[in-house]
Amino acid sequence: MKYKAIILDVDGTLVPYDYNALPSEKVQQFISKAQEQVAVCIATGRSYAFLEPVLRSLSINYGLAIVNNGAQIIDIETKKEYYSQPITQPDVALIINLLQEQGISFYLNAGGRDIPYEGNDLPSRTFNIFSRELFSQRKIRSVIKKLSDHPRVSIQETNHKDADLSGFVITHALSTKKYGTWEAAKILDLNPAEMVGVGDGYNDFSLLRACGLKVAMGNANNDLKEYADYVAPSVENDGVAHVIEKYILTTVDEV
């Protein structure tokens, strides 16, 4: 199979769980090689502004940034916004009331920045609502259950550094990484089957579901590993470079 795009998660995939970290030199080198052959795209819960230091380190000039967990798609080279789907204001108010009742602290992502909610006025566009991974899985899954039947929103568990602690990210129902990846395929005029998706967390299930080849990092949760077609080395062992070498560069050379 000749793949034409690779879609990469950021935290736990491109970089370790350190929000100030940048991709390793080896990963940077392999992404540079990959973008000579395919579109290199990013799919992350981060805002575009929070993603920019990573993008600068990679020097990507052909690809898309699927940010805010799928709520926005931005052209990496031109900064053009191709897709935008914020949560409706009535739904933002409903979610805030529920989270406050549960005693959970959270942030609103207004596109350019993350705002800790402290009773302040709502931004004109809220792309996602999320918490840090500070709560027990039981508490987070209770919140997920309360919102799981809401037709206009999607809520996904996040679990990073500590396996016993969880957070969540809430977006519009049409703003998951799956929908973002499908929209990216339309923009790039590709079949999703021609895309490789690489991730590590619960919110990457939707990314992998959208792609022809599903890759989990070695440090991914076990559920994602079982779902994936292939398990790469961990982020600490430059798993992304391995995936590019195995499925992008080698495949291209053989065609």
Side-chain angles (χ1 to χ4, degrees), residues 9-12 17 19 42-52 65-74 81-183 199 201-207 209 221:
D9 171 52
V10 176
D11 298 293
Y17 295 121
Y19 292 134
I42 305 299
T44 179
R46 294 191 186 199
S47 66
Y48 192 82
F50 190 20
L51 176 63
E52 281 191 301
I66 303 164
V67 295
N68 298 319
N69 214 55
Q72 277 184 301
I73 300 178
I74 297 174
E81 182 184 80
Y82 277 104
Y83 178 81
S84 173
Q85 182 59 76
I87 307 170
T88 68
Q89 293 292 72
D91 287 335
V92 172
L94 180 153
I95 293 164
I96 286 174
N97 287 337
L98 171 63
L99 296 177
Q100 288 181 316
E101 289 174 359
Q102 298 296 311
I104 293 178
S105 58
F106 57 93
Y107 293 76
L108 306 180
N109 183 287
R113 60 199 180 102
D114 299 329
I115 305 167
Y117 186 74
E118 298 171 340
N120 38 294
D121 293 337
L122 299 183
S124 59
R125 296 196 301 174
T126 300
F127 287 102
N128 63 57
I129 301 171
F130 68 95
S131 76
R132 303 296 188 196
E133 291 77 24
L134 301 174
F135 306 96
S136 68
Q137 281 191 339
R138 181 177 180 181
K139 190 173 187 70
I140 292 302
R141 291 178 180 179
S142 173
V143 173
I144 290 173
K145 184 176 181 180
K146 291 178 186 298
L147 284 172
S148 61
D149 292 331
H150 194 298
R152 292 185 301 276
V153 301
S154 171
I155 178 167
Q156 299 174 53
E157 182 179 348
T158 59
N159 184 291
H160 286 170
K161 295 181 180 180
D162 189 329
D164 296 324
L165 296 178
S166 293
F168 61 82
V169 58
I170 302 170
T171 62
H172 190 281
L174 299 180
S175 295
T176 64
K177 290 186 179 183
K178 179 179 74 173
Y179 287 106
T181 299
W182 283 348
E183 289 295 328
Y202 284 107
N203 65 334
D204 292 316
F205 272 100
S206 62
L207 167 60
R209 287 189 184 106
N221 64 70

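One is the number of the first residue; the rest follow in order along the sequence.
Closest non-hydrogen pair, Leu51 versus Ala65, comes out as CD2-CB, 3.9 Å. Smallest separation of non-hydrogen atoms from Asn120 and Tyr117: O-CE1, 3.3 Å. Shortest non-hydrogen contact noted between Tyr19 and Asp11 is CD2-OD1, 3.6 Å. What you find for Pro123 and Leu108 is that their closest heavy atoms are CD-CD1, 3.8 Å. For the pair Ile104 and Val143, the tightest heavy-atom approach, listed with the atom from each and the gap, is CD1-CG2, 3.5 Å. Residue Gly201 comes nearest to Asn221 through the heavy atom pair C-ND2, 3.5 Å, listed as atom of the first residue, atom of the second, then distance.
Although no hydrogens or angles enter the test, the distance criterion places a donor-acceptor pair under 3.5 Å between the side chain of Lys139 and the main chain of Gln102. In terms of modelled atom types and a separation under 3.5 Å, the side chain of Thr181 and the main chain of Lys177 share a donor-acceptor contact.
Side chains of Asn68 and Asn109: a donor on one and an acceptor on the other come within 3.5 Å.
If you take CD on Glu157 and CG on Asn203, they are separated by 10.0 Å, rounding to the nearest 0.5 Å. Note that the OG1 atom of Thr44 and the CG atom of Asp204 stand 8.5 Å from one another [nearest 0.5 Å]. Interatomic distance, Tyr179 OH to Ser154 OG, rounded to the nearest 0.5 Å: 8.5 Å. Once rounded to the nearest 0.5 Å, the distance linking CD1 of Ile170 with CG of Leu98 reads 7.5 Å. Considering OG of Ser175 and CD of Gln72, their distance stands at 9.5 Å, rounded to 0.5 Å. Summarising the geometry, atom CD1 belonging to Ile87 is positioned 8.5 Å from atom NE2 belonging to His172; distances are rounded to the nearest 0.5 Å.
When the salt bridge (charged side-chain N to carboxylate O under 4.0 Å, His left out) test is applied to Arg209, no partner is found at least two apart in sequence or on another chain.
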Please assess Leu147 against Leu94 for the test side-chain contact (heavy atoms from CB on, under 4.5 Å), listing each intermediate value before the final yes or no. CA-CA 10 Å; Leu147 284 172; Leu94 180 153; 4.2 Å; yes

side-chain contact (heavy atoms from CB on, under 4.5 Å), that's the test. Do Arg138 and Ser142 meet it? Break it down for me. CA-CA 6 Å; Arg138 181 177 180 181; Ser142 173; 5.9 Å; no

Are Ser84 and Phe127 close enough, and set up right, to give a side-chain contact (heavy atoms from CB on, under 4.5 Å), and what steps lead you there? CA-CA 8 Å; Ser84 173; Phe127 287 102; 3.3 Å; yes

Walk me through it: do Gln137 and Ile140 pass the test side-chain contact (heavy atoms from CB on, under 4.5 Å)? CA-CA 5 Å; Gln137 281 191 339; Ile140 292 302; 5.8 Å; no

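A heavy-atom distance below 4.5 Å is found between the side chains of Tyr83 and Leu174. Within the 4.5 Å cutoff, the side chain of Thr126 has heavy atoms near those of the Gln89 side chain. Looking only at side-chain heavy atoms (C-beta outward), Tyr107 and Arg132 come within less than 4.5 Å of each other. Side-chain contact check for Ile95 versus Ile155: every heavy-atom pair is 4.5 Å or farther apart.
Between Phe168 and Phe106, the distance from one ring center to the other does not fall under 6.0 angstrom.
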